Number of protein chains: 2
Amino acid sequence: MHTLLSNLKININEKIFLKDPESSDLGKRIIENSILLIDDIGFDAFTFKKLGAKIGSNESSIYRYFESKHKLLIYLTSWYWSWLEYQLVFATNSIADPKEKIEKAITIFTQTATIDSNFTHIDEVVLKRIVINEYSKSYLTKEVDKENKDGYFLIYKRLVTRLHDMILSVDNTYKFPFSLASTVIDGALHQHFLKDHFTTISDLKKSDTPISYFKDLVFKALNISNHE
Amino acid sequence: MHTLLSNLKININEKIFLKDPESSDLGKRIIENSILLIDDIGFDAFTFKKLGAKIGSNESSIYRYFESKHKLLIYLTSWYWSWLEYQLVFATNSIADPKEKIEKAITIFTQTATIDSNFTHIDEVVLKRIVINEYSKSYLTKEVDKENKDGYFLIYKRLVTRLHDMILSVDNTYKFPFSLASTVIDGALHQHFLKDHFTTISDLKKSDTPISYFKDLVFKALNISNHE
DNA sequence: ACAATTATGATAGTATTACTGTTATATTTG
DNA sequence: CAAATATAACAGTAATACTATCATAATTGT
């Protein structure tokens, strides 16, 4: 498994950065530490100046990689979705049975992340926390239509479409394949948030994952039996 | 068990404001025009200075009502949820049949808003757009746990609980009543957003509403027949 | 009526943010 | 080893998100 993926590189739309952070040591330190710092103080309080202080580098140097912290957030979340896509394809590609395939997909989307040693400078567990807490801010902006046209959300949309396709291959008469797909993907993030912060309106306990909820939901929506 | 709404006054937690905006003419102008301005330029670009210019008042006067624009957003979204709660209770209270009741509830949560002439200074249609585009920003913060303790999100959580109760009264063996309730309420907002901005991953057309999707989803989840 | 209270307005000031621009120095490469 | 490139250091700017002070206008209580 490790040898098979040793040359793996997550590809991000070049419009998102000024200079590819994967192309240098400083770039990688920017990515690694921005994840840690955003998780620590939150995206709203996060600045390039603070990041510079953390990595012993200068604010202006960081601006040579990303033109704004907003673009950095888009980069980080795109990286996350791309990484999830690779997990999804890798785990479901060989499965022939549509039911089994979608079951596996739901697992991928709802489970808590684990470290992937293929990408040493990125802590996927922390990154997932960022996606849960900050992803919405990347598209809930006045510029969303323009940035969408520029392909900033392509990987995310491709992931939704992949799940959409799996849904249709289980039941091609189902009328809301896109809605159900985005409900699972975005809803999974949201249920994690509710579990952590609004505990009184969550069915989940601390270390729980919304996997059984979404399996039950999707299986019933598509009229397939749920064998646990 | 919830108490029924006794009048049409929307009550907001007093910790959210410094001075009740309902108590003065200036206060009402702040509410009315902040809704229009946030809708116009987005919450991120919105400032009290710009709002002051719009209403011919001073920045410092607005600060006497709300200590930050964040609190104003909490106020506006709380108002929206409270208004929705009143709609929900008003429309479902007299319905005895649990199926019919939940069907009506889903309609309330998924439909596009219409003007309510009981509140002349608030444009509910525009306010709903704000909730769709900005609500997440009110809780996706580092202060969420503290603010939650202070009751800032109480009305929203009470709404989720009301739907949770309806779900259980249809099927009290259902295992995920809270998750399903928040999926409908928050998912409805999100599906509206996707329809407007990420059209390629939406099943809905321009003037559509996600009502049939959520009805189908909930009815199947709760094993009740869907008679359209 | 009029003093006291309260509400609003005008203005100034502050630390921080989110950058841009310029120059200097260090590192890499051909 | 010169040239190109990358990074660092620093200055500067307009805007943001406030706080603080004082003046004036409107309301209220007796």
Side-chain angles (χ1 to χ4, degrees), chain A residues 14-34 37-38 40-76 121 134 137-138 140-143 146-147, chain B residues 14-34 37-38 40-76 121 134 137-138 140-143 146-147:
Chain A
E14 299 201 352
K15 280 185 186 164
I16 292 169
F17 50 75
L18 297 169
K19 181 183 170 172
D20 187 355
E22 289 292 328
S23 71
S24 74
D25 179 66
L26 177 62
K28 282 177 198 148
R29 269 158 54 228
I30 288 172
I31 298 308
E32 176 174 13
N33 289 281
S34 64
L37 188 54
I38 291 172
D40 191 25
I41 65 176
F43 183 70
D44 297 344
F46 171 88
T47 68
F48 282 178
K49 198 172 186 177
K50 289 173 189 168
L51 178 59
K54 191 182 174 74
I55 64 178
S57 179
N58 200 275
E59 195 187 1
S60 60
S61 303
I62 301 167
Y63 273 105
R64 294 226 175 65
Y65 285 84
F66 294 100
E67 73 186 52
S68 67
K69 69 172 185 170
H70 174 248
K71 292 263 178 117
L72 172 59
L73 180 62
I74 303 253
Y75 181 91
L76 294 178
H121 62 299
E134 320 286 1
K137 297 173 191 170
S138 75
L140 294 178
T141 69
K142 278 282 161 182
E143 296 77 36
K146 193 200 161 297
E147 295 189 343
Chain B
E14 299 201 353
K15 280 184 188 164
I16 292 168
F17 49 75
L18 298 169
K19 183 182 170 175
D20 187 354
E22 288 292 328
S23 71
S24 74
D25 179 65
L26 177 61
K28 282 178 197 147
R29 270 158 54 228
I30 288 173
I31 299 307
E32 177 175 11
N33 290 282
S34 64
L37 188 53
I38 290 172
D40 191 23
I41 64 175
F43 184 69
D44 297 343
F46 171 87
T47 69
F48 281 179
K49 199 171 188 180
K50 289 174 188 168
L51 177 60
K54 190 180 174 75
I55 64 178
S57 181
N58 199 276
E59 193 187 1
S60 60
S61 303
I62 301 168
Y63 273 105
R64 292 218 180 71
Y65 286 83
F66 295 99
E67 71 187 53
S68 66
K69 70 172 186 171
H70 174 247
K71 291 260 180 120
L72 172 59
L73 180 62
I74 303 256
Y75 180 92
L76 295 177
H121 63 298
E134 321 285 2
K137 296 173 191 170
S138 76
L140 294 178
T141 69
K142 278 281 160 182
E143 296 76 37
K146 192 199 162 297
E147 296 189 344

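Note: hydrogens, waters and symmetry copies are ignored here, and every other heavy atom, side chains too, is used. Keep in mind the model is a prediction, meaning the values are calculated, not measured.
- If you find the closest nucleotide of DNA chain C to B/Arg29 and to A/Glu67, the one lying nearer the 5' end belongs to B/Arg29.
- The side chain to side chain donor-acceptor pair (under 3.5 Å) with A/His121 is formed by just one residue from the set A/Glu32, A/Glu22, A/Lys28, A/Arg29; it is A/Glu22.
- Taking atom CG on B/Leu72 and atom P on D/dC18, their separation rounds to 11 Å, with Å as the unit.
- Comparing A/Leu26 and B/Asp44 along DNA chain D, the residue whose closest nucleotide (by nearest heavy atom) sits nearer the 5' end is A/Leu26.
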Might you work through the side-chain contact (heavy atoms from CB on, under 4.5 Å) test for B/Lys71 and B/Tyr75, ending with a clear yes or no? CA-CA 6 Å; B/Lys71 291 260 180 120; B/Tyr75 180 92; over 6 Å; no
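- For A/Asp20 and D/dA6, the CG to P distance is 12 Å, given to the nearest whole Å.
- Donor-acceptor pairing under 3.5 Å is recorded for the side chains of A/Ser24 and A/Tyr65.
- Taking atom NE2 of residue B/His70 and atom P of nucleotide D/dC18, one finds them 10 Å apart after rounding to whole Å.
- For the pair B/Leu18 CG and D/dA17 P, the interatomic distance rounds to 17 Å; values are reported in whole Å.
- Per the geometry, CZ belonging to A/Phe46 stands 14 Å off C1' belonging to C/dC19, to the nearest Å.
- When each of D/dA9, C/dC19, D/dT7 is scored by its nearest atom to the side-chain atoms of A/Ser24, the top-ranked nucleotide is D/dT7.
- Toward the 5′ end of DNA chain C lies the nearest nucleotide of A/Lys50, the other residue of the pair A/Lys50 and A/Asn58 mapping further downstream.
- One can place CG of A/Leu73 at 13 Å from P of C/dA18, the figure rounded to the nearest angstrom.
- Between B/Leu72 and B/Ile62, the closest side-chain pair of non-hydrogen atoms is not below 4.5 Å.
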Going through the checks in order, is the side-chain contact (heavy atoms from CB on, under 4.5 Å) test met by A/Phe66 and A/Leu73? CA-CA 10 Å; A/Phe66 294 100; A/Leu73 180 62; over 6 Å; no
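- Residue-level contact check: A/Lys19 touches the backbone only, with heavy atoms under 4.0 Å from sugar-phosphate atoms and none from bases.
- Remark: A/Ser61 is not in phosphate contact with D/dA6, judged by side-chain N or O atoms under 4.0 Å from OP1 or OP2.
- Heavy-atom nearest nucleotides on DNA chain D were determined for B/Ser68 and for B/Arg64, and the one closer to the 5' end corresponds to B/Ser68.
- Taken over five-pair windows at either terminus, the axes of the helix from C/dA1-D/dT30 to C/dG30-D/dC1 are inclined to one another by 20° (rounded to 10 degrees).
- Under a 4.0 Å N-O distance rule, the pair B/Lys137/B/Asp44 qualifies as a salt bridge.
- With D/dT7, D/dA8, D/dA20 as the choices, the nucleotide that has an atom nearest any side-chain atom of B/Ser60 turns out to be D/dA20.
- Nucleic acid contact class of B/Glu59 (heavy atoms, under 4.0 Å, all strands): base.
- Between B/Tyr65 and C/dT8 there is a side-chain polar atom (N or O) within less than 4.0 angstrom of OP1 or OP2.
- Residues A/Lys69 and A/Leu51 form no side-chain contact, since every pair of their non-hydrogen atoms from C-beta on lies 4.5 Å or further apart.
- The aromatic rings of B/Phe48 and B/Phe46 stand perpendicular to each other, their planes meeting at an angle above 60°, with 30° marking the opposite boundary.
- Spacing between atom NZ of B/Lys49 and atom P of D/dA15 amounts to 8 Å, rounded to whole angstrom units.
- For D/dA17, one of the phosphate oxygens OP1 or OP2 lies less than 4.0 angstrom from a side-chain nitrogen or oxygen of B/Lys69.
- Residue B/Tyr63 places none of its side-chain N or O atoms closer than 4.0 Å to OP1 or OP2 of C/dT8.
- Atom CG of B/Asp25 is separated from atom C1' of C/dA7 by 12 Å (rounded to the nearest Å).
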